[in-house]
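Here's the structure we're looking at; comments come further down.
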Amino acid sequence: MEEDLKVAIRAKLTELFPEVTIYEEDLPEGYQKPAFLVTTTNAVAGRGLGGRKAFQLSFDISYYSNLAGQINTDCYQKGLALLESFRLTGYRLKGKKSAAAEGILHFTFETQFTVTEEISEIKMKQKELSTNMKED
């Protein structure tokens, strides 16, 4: 499910900003700007109802601008666009925030989802039912 979420994040970023390169978890040496870096910042697992597992994931999408002399303006505009338009079908995003620091935009959010555990095989014991009844 987490991989499905990352695929959805990449697809949405590509839809909104097709000209921007997207990296995951680490920037390679000599990376190309403009770029997004998608990082999972926090993961919490818990128990849900009915044998499900509940997960809460936090993400930081960092944006690196290539516009010299206009980095803050570019970051501000990308941040507003992400706040207004970044939605993922099938996921509820909470706590969306956009902030620029040292020429890098940080767009953060968290999401929760549940996963049903697959139970391989439940074996049930068979009981014999006695049908010997005493008649009056």
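- Remark: Ile71 pairs with Ser65, Cys75 by the side chain to side chain contact (heavy atoms under 4.5 Å, CB included) rule, at least two apart or across chains.
- In this structure, Glu102 has no salt bridge (Lys or Arg N to Asp or Glu O under 4.0 Å) partners at least two apart in sequence or on a different chain.
- With sequence neighbours excluded, the residues that form a side chain to side chain contact (heavy atoms under 4.5 Å, CB included) with Gln56 are Val44, Glu110, Gln112.
- The salt bridge (charged side-chain N to carboxylate O under 4.0 Å, His left out) contacts involving residues 70-97 comprise Asp74-Lys78, where partners must be two or more places apart or lie in separate chains.
- Put simply, the side chain of Ile22 reaches to within 4.5 Å of the side chain of Thr14, judged on heavy atoms.
- Rounding to the nearest 0.5 Å places CG of Leu57 at 6.5 Å from CG of Leu5.
- Listed by chain and number, the residues in a ring pair (Phe, Tyr, Trp, His ring centres under 6.0 Å) with Tyr63 are Phe36 (sequence neighbours excluded).
- With side-chain heavy atoms closer than 4.5 Å counting as contact, directly or through intermediates, Leu67 stands alone and belongs to no larger hydrophobic cluster.
- Closest heavy-atom contact between Pro34 and Asn66: CD-ND2, 3.3 Å.
- Remark: Pro18 engages no residue in a side chain to side chain contact (heavy atoms under 4.5 Å, CB included) (not counting sequence neighbours).
- Here salt bridge (charged side-chain N to carboxylate O under 4.0 Å, His left out) pairs that include residues 25-35, with residues two or more places apart or in two chains, are Lys6-Glu25.
- In this structure, Tyr76 has no ring pair (Phe, Tyr, Trp, His ring centres under 6.0 Å) partners at least two apart in sequence or on a different chain.
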Verdict with supporting geometry, Phe59 and Phe107, ring pair (Phe, Tyr, Trp, His ring centres under 6.0 Å):
CA-CA 8 Å; Phe59 289 92; Phe107 175 69; over 10 Å; no
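- Note: Leu93 CG to Leu83 CG = 11.0 Å, rounded to the nearest 0.5 Å.
- Atom CG of Leu105 and atom CD1 of Ile61 lie 9.5 Å apart (nearest 0.5 Å).
- No donor-acceptor pair closer than 3.5 Å links the side chain of Thr108 to the backbone N or O of Asp60.
- Leu27 is linked by a side chain to side chain contact (heavy atoms under 4.5 Å, CB included) to Tyr23, Tyr31, Leu37, Tyr64, counting only residues two or more places apart in sequence or in another chain.
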